[in-house]
Structure formats: structure tokens, C-alpha cells
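Structure first, commentary second.
Computation of the quantities below employed the complete heavy-atom set of this structure, encompassing side-chain atoms and omitting hydrogens, waters and symmetry-equivalent molecules. Numbers for residues simply follow the sequence, beginning at 1.
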Amino acid sequence: MAAAPPAFTGNLRKALAGLRRINLDGLRWRVFDAKGQGRNKPTYAPHVENGNMCVVLNAKDISVTGRKMTDKIYYWHTGYIGHLKERRLKDQMEKDPTEVIRKAVMRMLPRNRLRDDRDRKLMIFSGSEHPFHDRPLEPFAMPPRQVREMRPRARRALIRAQKKEQDRAAASTKDDKDGKSANTDVTS
């Protein structure tokens, strides 16, 4: 018997905000686990909103490369003279880790009228619990990296390994053919 999902202990009002304005019929619900991380529709167009609902879990466990945790700075202005505020990524992760992912996603989206609708379809939670257990959720698995996306050194090593494997396979098939022809000569 399957165990019941854990009860959502977060702010349910904040989690469900904006869902009333979205037609949820026919949308796929994707779950992304952001632990250790950070478009796959062929029908994507920047002027049409046809995206899925995205539920991002474990926002507090993201990992960043290099010294971004201390060097990346978020700036905003309060509107008063001389009130340019700043906050480092480390401090923002302590205050609200969901906002880090939201800003990263929103800054990648085109700045048009559909941006707010796309933002409403993005649900981010700092832990692994969420209130959408009644929906048909599809866990998202990261696709394997393509060779052209890799760093040059790793890419060359992978290409060398693939070529070596092909050479071994070709040599073994050649040896098999040579062995069979030698056996037929001996039997004749």
C-alpha cells in the first residue's frame, strides 16, 4: 500500500496565488527537483502562451559554480534618492531561496505581455513538500548532455573514448571474419 504524501505545511494561499486566472484544462504538470541543479516543447513560440505548469522543489539546495555564492549581487532601487540596495546570493538564499530561481527564470523570459502569465505557471518551493498531490505530476529527468554542450576537454575525451570503442568493435568483427575464413580453409 502506498504511503500518503506528506501534508503541505507552507503558506497555501501563497502557493495557490494566481491559479484562478489560469485555465488548467489540458495542462501538463511538471515537477523539477532543483537539488544540485538549476524548454523542451517543440511548439514553443514567444508570442503564444501554451506552457505547462512547473513545480520546482528543493530551491534551498541549488548549487552554483565558482564564487557566485559570495560574488553575485542582486541590486534594486527603492525609489528614494541614494537608496540603491544590494544583496549577495548567499544572503538571498538565507532570506528566500525561491526568489533566486524566480529571478533567474524571469530574466530569461522575453519581456512581453505573456511574461506575467508564464510567471503564474511557475510554482517554486524551498523544500520537497508541495500542495499539488492531487494533480497528475510528471517528474522531470534531466536529459543527458550532448557532446556539443560539454566543455572542450571533456568533449575531446568523450569523442576519443567513443572512437576507441568503435575501433575495438571493428577490430573484433574483423578478427571474427578472419577466424571464420581460416576455419573454412582448414576444413576444405
Side-chain angles (χ1 to χ4, degrees), residues 1-44 46 49-76 85-111 114-151 154 158:
M1 196 182 279
F8 181 67
T9 58
N11 186 351
L12 190 63
R13 187 175 187 182
K14 184 178 177 184
L16 300 176
L19 282 183
R20 288 185 294 275
R21 293 186 226 145
I22 301 172
N23 182 10
L24 299 176
D25 297 335
L27 291 181
R28 291 168 53 192
W29 288 67
R30 307 297 296 275
V31 178
F32 297 89
D33 190 359
K35 188 172 190 172
Q37 300 291 335
R39 199 157 53 199
N40 67 343
K41 282 190 97 163
T43 59
Y44 173 79
E49 175 49 46
N50 57 2
N52 301 325
M53 295 296 295
C54 296
V55 180
V56 180
L57 304 176
N58 296 322
K60 67 181 182 322
D61 295 330
I62 63 169
S63 60
V64 293
T65 58
R67 297 184 298 187
K68 288 189 186 103
M69 199 57 88
T70 56
D71 291 352
K72 183 167 180 60
I73 300 174
Y74 294 101
Y75 294 100
W76 73 97
K85 303 287 184 174
E86 64 180 42
R87 184 176 294 141
R88 300 203 179 275
L89 177 60
K90 183 171 122 181
D91 301 331
Q92 183 66 38
M93 289 295 291
E94 291 171 6
K95 183 176 169 92
D96 186 15
T98 62
E99 199 60 28
V100 172
I101 294 180
R102 184 169 306 283
K103 284 185 186 214
V105 170
M106 292 304 291
R107 289 175 180 174
M108 285 188 267
L109 290 176
R111 288 159 179 82
L114 299 173
R115 191 174 190 203
D116 291 338
D117 295 336
R118 290 176 178 154
D119 184 31
R120 284 188 202 99
K121 290 184 177 181
L122 177 64
M123 306 291 166
I124 305 171
F125 300 98
S126 60
S128 60
E129 56 185 29
H130 60 86
F132 304 113
H133 295 289
D134 58 336
R135 304 281 181 185
L137 301 175
E138 300 175 17
F140 181 78
M142 289 294 287
R145 294 181 74 179
Q146 300 295 321
V147 174
R148 61 190 168 98
E149 295 173 353
M150 298 176 125
R151 293 188 175 179
L158 181 65

**Item:** Minimum heavy-atom distance between E129 and L57, given as atom pair plus value
**Value:** O-CD2, 4.5 Å
**Request:** Indicate the atoms forming the closest heavy-atom contact of R120 with M123, along with that distance.
**Result:** O-CE, 3.2 Å
**Contact check, side chains of M53 and L122, non-hydrogen atoms, under 4.5 Å** = no
**Asked** Are M93 and L89 close enough that some pair of their side-chain heavy atoms sits under 4.5 Å apart?
**Response** yes
For residues 66-75, which side-chain N or O atoms pair as donor and acceptor with protein atoms under 3.5 Å away, sequence neighbours left out?
residue	atom	partner	partner atom	Å
K68	NZ	T65	OG1	2.8
T70	OG1	R67	O	3.3

**Asked** Rounded to the nearest 0.5 Å, how far does NZ of K121 lie from CG of D116?
**Response** 13.0 Å
**Message:** Minimum heavy-atom separation for V55 and F132, please, with both atom names.
**Reply:** CG2-CD1, 4.0 Å
**Note, T98 side chain near F125 side chain (heavy atom, < 4.5 Å)** = no
**Complete:** Rounding to 0.5 Å, atoms CZ (R135) and NE2 (H130) come to a distance of 12.0 Å
**Message:** With side chain to side chain contact (heavy atoms under 4.5 Å, CB included) as the criterion, how do I101 and K103 come out once you've worked through the C-alpha distance, each side chain's angles and the decisive distance to 0.1 Å?
**Reply:** CA-CA 5 Å; I101 294 180; K103 284 185 186 214; over 6 Å; no
**Message:** If we ignore hydrogens and angles and just use 3.5 Å, is the side chain of R118 paired with the main-chain N or O of L109 as donor and acceptor?
**Reply:** no
**Asked** Are side-chain heavy atoms of Q92 and R88 found at a separation under 4.5 Å?
**Response** no
**Prompt:** CD of E99 to CZ of R87: how many Å apart, nearest 0.5 Å?
**Reply:** 9.5 Å
**Item:** Nearest heavy atoms of S126 and P97, plus distance in Å
**Value:** CB-CG, 3.7 Å
**Message:** Just checking K90: does its NZ atom have more than 12 heavy atoms from other residues, nucleotides or ligands closer to it than 6.0 angstrom?
**Reply:** no
